[in-house]
Asks: 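Handing you this structure, nothing more for now.
Per chain, numbering begins at 1; letters A, B, ... match sequence-line order. In this text, all values refer to a predicted model and were calculated from it rather than measured experimentally.
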Number of protein chains: 2
Amino acid sequence: MALDRKDLAILAELTTNARASHTELATKVGLSSTALARRQKTLEDDGYIQAYQAALDLAQFGLTTTVLVRIALESQSDEALKAFEAEVVKCPSVVRCFLMSGNDDYILIVLARDIQDFERIHRTELSRLPRVARVQSSFALRDVVNRAVPTVVFGEAKRQG
Amino acid sequence: MALDRKDLAILAELTTNARASHTELATKVGLSSTALARRQKTLEDDGYIQAYQAALDLAQFGLTTTVLVRIALESQSDEALKAFEAEVVKCPSVVRCFLMSGNDDYILIVLARDIQDFERIHRTELSRLPRVARVQSSFALRDVVNRAVPTVVFGEAKRQG
DNA sequence: CCAGAATGCGCGTCGGTGTGCCCAAGGAAA
DNA sequence: TTTCCTTGGGCACACCGACGCGCATTCTGG
């Protein structure tokens with residue numbers, strides 16, 4: 001299935017205002033509310049829209065420090081990977097974890113209140129992960145780009161429009 | 001301001017169902033709809049909830065390849081940083097960009113359709129960034145953890161509850 | 001014991017939502 | 001070229017539910 005510009009406009013708008021009503025979206029996109037409702041439902045049913053979620057301001061919770069953690073395991077055996085992954089998903093301060101190609105086995109993104117708090121996280125969460133050979137942490141000084149969806153998605157229209 | 005368990009329950013639920021109605025949320029949290037409406041509005045006004053946004057399934061758009069790109073600049077001068085950042089925000093395939101401490105100056109997260117597509121992105125987007133001395137790319141083989149909000153946020157209650 | 005805050009209930013209004021029907025455009029087949 | 005069929009759009013309507021208000025009540029802290 002291909003999406004036209006109106007579909008992309010709907011998705012772009014819902015990416016910003018997930019609670020927008022049909023009529024509200026309809027006027028912005030340039031459709032009637034019923035036509036828009038059909039398209040929105042199609043987008044949901046076809047899985048383009050996974051969920052509607054509230055975005056929290058993590059700074060309000062004191063989580064102002066982002067840390068990238070590179071981890072190498074003692075072994076790349078399937079058993080070691082599974083053991084590590086089973087534990088890393090439980091770490092409450094980890095928001096992302098990639099299994100990587102290259103020298104590092106895993107890269108984590110960790111959110112902390114400050115550097116002292118990261119020391120605590122390192123001690124209570126990261127150092128308890130199994131099969132870890134090496135941990136290397138780098139602090140993010142600033143967030144330059146932070147998008148949920150790459151803008152390239154909204155740039156490509158395949159139906160007419 | 002401190003949040004109690006009901007506030008956290010509201011946030012946790014809205015993180016999953018941003019379109020939930022007051023009554024729906026009220027039953028899940030254990031409040032009346034009016035009490036819930038007041039708390040939700042407070043959470044919004046105080047900035048705990050930044051926005052309500054639709055989460056798109058990027059795999060549906062063919063974006064199945066995540067690449068971490070480490071970039072070092074020729075110079076760490078303020079002018080070089082500003083020039084780089086002004087351009088990187090325009091890259092349509094970049095979803096995240098951190099200014100880093102340590103050896104690397106910036107770390108980007110790039111979404112591509114596949115490895116060939118990343119080659120195109122490298123050529124048309126990344127190689128055109130100014131003041132870049134070194135680019136090092138690592139492919140993510142798998143997404144182990146992908147959370148918008150660390151679970152630690154929902155674990156700490158400060159009012160009664 | 002008292003004051004303030006938070007809660008719960010009931011109500012009326014308002015708006016969204018979904019349906020049915022008709023219309024326009026485009027493509028295919030005769 | 002004509003006709004048919006499919007796809008997507010718009011209009012109108014009615015139903016249903018959410019939303020926000022006012023007031024009585026409870027709970028908490030001083």
Asks: From CG of B/D4 over to P of C/dA6, roughly how many Å is that when rounded to an integer?
Replies: 10 Å
Asks: Measure CG/B/L3 against C1'/C/dA6 and give the value in whole Å, please.
Replies: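 In whole Å, C/dA6 C1' and B/L3 CG are 15 Å from each other.
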Asks: Under 4.5 Å between any side-chain heavy atoms of A/K90 and A/E125, yes or no?
Replies: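 No, too far: nothing below the 4.5 Å cut-off.
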Asks: Using a 4.5 Å cut-off on heavy atoms from C-beta on, say whether the side chain of A/I71 contacts that of A/D105.
Replies: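 Heavy-atom side-chain distance check fails, nothing below 4.5 Å.
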Asks: Given the structure, check if the side chain of A/R38 and the base of D/dG8 hold any donor-acceptor pair shorter than 3.5 Å.
Replies: no
Asks: Expressed in angstrom and rounded to an integer, what is the separation of B/K41 atom NZ from C/dA6 atom P?
Replies: 15 Å
Asks: What is the distance, to the nearest angstrom, from the CG atom on B/L31 to the P atom on C/dG8?
Replies: 5 Å
Asks: Considering only heavy atoms from C-beta outward, does the side chain of B/L68 approach that of B/F139 to under 4.5 Å?
Replies: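 Side-chain contact under 4.5 Å: no.
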Asks: Rounding to a whole Å, what distance do you find between B/E44:CD and D/dC19:P?
Replies: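 In whole Å, D/dC19 P and B/E44 CD are 11 Å from each other.
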Asks: Using atom CD of B/Q40 as one end and atom P of D/dA18 as the other, report the distance to the nearest whole Å.
Replies: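 From B/Q40 CD to D/dA18 P: 13 Å.
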Asks: Would you call A/T65 and A/D117 a side-chain contact if the rule is heavy atoms closer than 4.5 Å?
Replies: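 No, side chains not in contact.
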Asks: Answer whether the closest heavy-atom distance between the side chains of A/L129 and A/C91 falls below 4.5 Å.
Replies: yes
Asks: Are A/R131 and A/F84 in a cation-pi contact, defined as NZ or CZ under 6.0 Å from the six-membered ring centre and within 45° of the axis?
Replies: no
Asks: Could you pull out the protein-nucleic contacts involving nucleotides 12-18 of chain C (nitrogen or oxygen on both sides, under 3.5 Å)?
Replies:
{"residue": "C/dG16", "atom": "OP1", "partner": "A/T23", "partner atom": "OG1", "Å": "3.3"}
{"residue": "C/dT17", "atom": "OP2", "partner": "A/H22", "partner atom": "N", "Å": "2.8"}

